[in-house]
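Worksheet: one structure, shown below.
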Amino acid sequence: MNFVIPPAAPVVLPVSDSDAVFPARRVYCVGQNYASHVAEMGGDGRQPPFFFCKPPDALVPGGGRIAYPPRTVNLQHEVELVVALKTGGADIPAEEALDRVFGYAVGIDLTRRDLQAQAKEKGRPWEMGKAFDQSGPVGALFPADRIGHPARGRVWLKVNGALRQDGEVGQMIWNVAEVVANLSSYVRLAAGDLIFTGTPAGVSTVRRGDAIECGIDGVGTLAIELV
Ligand code: MN
């Protein structure tokens, strides 16, 4: 292929205990998927899931040092179970959805909450609040054929050693199979797609110099530092 400019390098995630890597295609995120977080954001009840996207090159595979982003004074963390698909499809039935899953990882949906709040207020898109550079640190993938499909497990996040989020995967409003099924009714999913499945309560503001550590039982841990 005779490219007129160099093509972007593929974005790949490490796979735990493997030399092979997972190539990322699209990155979807579920909004407000834990009742405790819905309440802290001012919502209520079991609404149908809704989705937004981050560009794949916003992922930060393995975490590490992340530049504090511009145009915000309210950067917040959202620790989330991330689902990685090995196959896709449209209109996937929930009972077949887990067959599409390659594995799971811990991720952080970094959010410029002030920009997201302005967008909400004005009915504008969320991208500048959610889809900025380095907004998606994500840890190594753990294959489902090794760890199964985590239906329970503690999901936690600490800032400078202080516990800020302490939830339970089993408290997701829409479980992984339901999320995959619902999302596939809007878009055709494919191998390489990642889905951030929402965050429990306790989101909080972080600053330059903060060290963030998080984890999910059975799905590993992830650490980042804001520089
Ligand atoms: Mn989120």
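Whatever order the structure lists them in is the order used to number ligands and atoms, beginning at 1.
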Review point. Looking at the Mn ion (ligand 1), which N/O/S atom of Glu80 is the nearest one?
Key: OE2
**Study point:** Presence of salt bridge, Arg113 and Glu78, under 4.0 angstrom
**Key:** yes
Check your understanding: Under 4.0 Å between a Lys/Arg side-chain N and an Asp/Glu carboxylate O for Asp109 and Lys54?
Key -> yes
**Study point:** Which atom of Glu78 approaches the Mn ion (ligand 1) most closely (N/O/S)
**Key:** OE1
Review point. Looking only at heavy atoms, which two atoms of Val11 and Pro56 are closest? And how far apart?
Key: CG1-O, 3.6 Å
Exercise for review: Give the name of the N/O/S atom in Asp109 that lies closest to the Mn ion (ligand 1).
Suggested key: OD2
Check your understanding: Any donor and acceptor pair, going by atom type alone, linking the side chain of Glu80 with main-chain N or O of Val82 inside 3.5 Å?
Key -> no
